Number of protein chains: 2
Amino acid sequence: MTGQAGTARRPTRQRAAIARALSGSAEFRSAQEIHADLAGSGTRVGLATVYRNLQAMATDGEVDVIRSPDGESVYRSCSTDHHHHVVCRSCGLAVEVTGDAVERWAEAVAAAHGFTQVRHTMEMEGLCPACTSSRQRGTVVRRPTQAPRRVVDG
Amino acid sequence: MTGQAGTARRPTRQRAAIARALSGSAEFRSAQEIHADLAGSGTRVGLATVYRNLQAMATDGEVDVIRSPDGESVYRSCSTDHHHHVVCRSCGLAVEVTGDAVERWAEAVAAAHGFTQVRHTMEMEGLCPACTSSRQRGTVVRRPTQAPRRVVDG
DNA sequence: ATTCACGATGAGAATCGTTGTCAAATGTGG
DNA sequence: CCACATTTGACAACGATTCTCATCGTGAAT
């Protein structure tokens, strides 16, 4: 189990490298990706160490974690730009959305229960316009292989 | 990948059993749990088949899927009671919350992008009242073993 | 500065949920 | 009822994550 106590965590070269790698990107990255990045930039860090530190940082609230559709845990440093996605479950089209409404709601609800330092993740999925009309016409052209195009939205 | 075509899916004893097992509970259940349940009730279905069907049903939008913190995919039939959670990342206390605000927001945003048949999941985590005050006093009494108490809220 | 105690690390094995393979069984259209 | 494509099931294969344990590094005490 991840040894964690009341004592402060000990600063190490590896921990710093991981934190740096994480803050370098606004995207969610997997432990393996981060490990590969570090290796690529000449920083030698054990894979297990990457996992342990990411977990620890998540526990301490320094990073956000969500599970990618593939089942990998993906991490992102907290302060980065916050947004959500709507993903088409047929073709994989992903649209980025932001909205103060949810943010405020989440905070309000959490606060109502006395929770502090609250973070949240939200995932929405449905059928995109194209796939919707395909199905209405009965011509289900499902695409097994997801080719997640990405469309950013204001 | 899971072979899926434009043709309608073929009804089978196994598929029916899985659907029944799923609709029997309002909770998210893992493929393995469902498989065990079926086996327990005398219905013999291969594990791979359970996985395949759950995936197919998810693709068709018949069930919701999310990843449990343990990394398992957990499924729930769509029509069941919809709510969210706020989980304490220190002690694991979980509070159920519901809110029309998010539901409406999610629908509105998705609709704005032309998406249909939209479903969503949302996860919130922070520090519960108890853990918040512990930390303020500097006495961090972190509990490594999560004992997720559950508190339902209106 | 040197020593100590203990958390942190790394390499590889072990775990375990999930997916792939392929022959046999089953549902459908004709 | 027949031919055929889909589905199933048993088991191997995969891959992300966790565990193990000897060794190393850090902060605190001396």
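Just so we're on the same page: letters track the sequence lines, and every chain starts at 1. Predicted model only: the values in this text are computed from it and were never measured.
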Looking just at side-chain N and O atoms, do [X] and [Y] make a donor-acceptor pair shorter than 3.5 Å?
{"X": "Glu62(B)", "Y": "Tyr75(B)", "answer": "no"}
{"X": "Ser77(A)", "Y": "Ser23(A)", "answer": "no"}
{"X": "His84(A)", "Y": "Glu103(A)", "answer": "yes"}

*Of all the choices, dA8(C), dG10(C), dT19(C), which nucleotide is nearest to the side chain of Arg13(A) once you look at every atom?*
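My answer, after comparing the listed nucleotides, is dG10(C).
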_Candidate nucleotides dT18(D), dA10(D), dT9(C), ranked by approach to the side chain of Arg44(B) - the nearest_ =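 For the Arg44(B) side chain, the nearest candidate turns out to be dA10(D).
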_5' precedence on DNA chain C between Pro11(B) and Gly71(B) (nearest-nucleotide basis)_ =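 With Pro11(B) and Gly71(B) compared, the 5'-side residue is Gly71(B).
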*First encountered from the 5' end of DNA chain C, between Ala48(B) and Gln32(B)*: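 The residue mapped nearer the 5' terminus is Gln32(B).
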*Just checking Asp70(B): base, sugar-phosphate only, or nothing, at a heavy-atom cut-off of under 4.0 Å?*
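Result for Asp70(B) = nothing.
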*Ring centroid separation for His85(A) and His120(B), is it under 6.0 angstrom?*
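His85(A) vs His120(B): aromatic centres not under 6.0 Å.
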*Think Tyr51(B) has a side-chain N or O under 4.0 angstrom from the OP1 or OP2 of dT18(C)?*
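For dT18(C), OP1 or OP2 has a side-chain N or O of Tyr51(B) closer than 4.0 Å.
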*Do the side-chain N or O atoms of Gln14(B) get closer than 4.0 angstrom to the phosphate oxygens (OP1, OP2) of dT26(C)?*
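Answer no for this pair, as no side-chain N or O of Gln14(B) is under 4.0 Å from OP1 or OP2.
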*Should the pair Arg89(A)-Asp60(B) be classified as a salt bridge under the 4.0 Å nitrogen-to-oxygen rule?*
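No, this pair does not count.
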*What is the bend of the helix from dA1(C)-dT30(D) to dG30(C)-dC1(D) when you compare the axis at one end with the axis at the other, using five pairs each and rounding to 10°?*
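Answer for the end axes of this duplex: 40°.
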